[in-house]
Amino acid sequence: MTICVYCSSSNHIDAVYPDVARTLGHALGERKHALVYGGGNVGLMGVLARTLHEDGGHVTGVIPEKLKAKEGIAYDVADELVVTDTMRERKKVMYTRADGFAVLPGGYGTLEEFLEVLTLKQLDYHQRPIALINTGGFFDPLLAFFDQLYDERFARARPEDLVHVAADPAGALDFIEEHATASPPSEAF
Ligand code: AMP
């Protein structure tokens, strides 16, 4: 399977987070999954891509020209580096190629990517599995807010019907493997 991972681009976070990115990289390699991700060499993105590569896995990075032009940001040794004109085009490539989505802790960029695939799933543009890797309860405040959205009827679907909350990378990949779907995503962008 091809797994799309959204995760932090920060190099300044607690060591527990790179550790979990490394664990996910090893787990992808062991299970023979390919990775498609934002194409960065920084933060958890870089840790993940380098780990999977060291284990012989296949890495596809998708990065907009503007970010690639910045020194040291792109993971230039990816097996495939797709360079897009825009951020939107980049998200489209990741969205289209993935069989499932795993989300590691991250900032605004990660949240934006995650919420987009979540929203598209609620709108039935796709039904592919999405798993949050909830390291140390990182996503608990967001999940509490999702419950509020559902309880107050701002959200139509229960959060648990859209996204699986996994304690660790193995749990996330188990869920994605079990819930793979043959039906292709609709054109969304
Ligand atoms: P953030 O969570 O704000 O660090 O953003 C990380 C997410 O946004 C990743 O999943 C990437 O797809 C994208 N992204 C943000 N910054 C970069 C960067 N410097 N290089 C590549 N991708 C990035």
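One-based numbering, in listed order, for ligands and for the atoms of each. Starting from 1, each residue takes its place in the sequence as its number.
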Students should be able to answer this: which protein heavy-atom is nearest to [atom], and at what distance?
atom                    : value
atom 7 (C) of ligand 1  : Glu113 OE1, 3.3 Å
atom 6 (C) of ligand 1  : Cys7 O, 3.1 Å
atom 21 (C) of ligand 1 : Arg90 NH2, 3.3 Å
atom 3 (O) of ligand 1  : Gly109 N, 2.8 Å

Find the distance between CZ (Arg50) and CG (Asn41) and round it off to the nearest 0.5 Å.
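Going from CZ on Arg50 over to CG on Asn41, the span is 5.0 Å.
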Quick check: [X] and ligand 1, any N/O pair under 3.5 Å apart?
X      : value
Thr110 : yes
Ser9   : yes
Met94  : no

Below 4.0 Å, non-hydrogen atoms only: which portion of [X] touches ligand 1? Side chain, backbone, both or neither.
X      : answer
Glu112 : neither
Ala74  : neither
Ile73  : side chain

Within the structure, is a non-hydrogen atom of Lys70 found at a distance of less than 4.0 Å from ligand 1?
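Per 4.0 Å heavy-atom rule, Lys70 does not contact ligand 1.
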Measuring from the heavy atoms of Ser8, does anything fall under 4.0 Å of ligand 1?
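Ser8: in contact with ligand 1 (<4.0 Å).
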Parallel, tilted or perpendicular, judged at 30° and 60°: which one describes the rings of Phe138 and Tyr17?
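Plane angle over 60°, so perpendicular.
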Only one of Ile73, Val93, Asp76 clears side-chain contact (heavy atoms from CB on, under 4.5 Å) with Ile63; which?
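Only match with Ile63 under side-chain contact (heavy atoms from CB on, under 4.5 Å): Ile73.
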Would you say the side chain of Val5 lies within less than 4.5 Å of the side chain of Val103, judging by non-hydrogen atoms?
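No, too far: nothing below the 4.5 Å cut-off.
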I'd like to check which ligand 1 atoms, numbered from 1 as shown, lie under 4.0 Å from a non-hydrogen atom of Gly38.
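Every atom of ligand 1 under 4.0 Å from some heavy atom of Gly38: 12 (O), 21 (C), 22 (N).
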Would Arg128 pass as a cation-pi partner of Tyr95, given that its NZ or CZ must be under 6.0 Å from the six-membered ring centre and within 45 degrees of the axis?
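Relative to the ring axis of Tyr95, which defines the angle, Arg128 lies inside both limits.
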Can you give me the closest heavy-atom contact between Ala188 and Tyr125, atom names plus distance?
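In terms of heavy atoms, the two residues are closest at CB-CD2, 3.8 Å.
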Taking all non-hydrogen atoms of both residues into account, name the closest pair between Cys4 and Ala98 and its distance.
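In this case the closest contact between Cys4 and Ala98 is CB-CB, 3.5 Å.
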Note: Arg31-Asp174 ion pair, threshold 4.0 Å (strictly below)
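Answer for the salt bridge query: yes.
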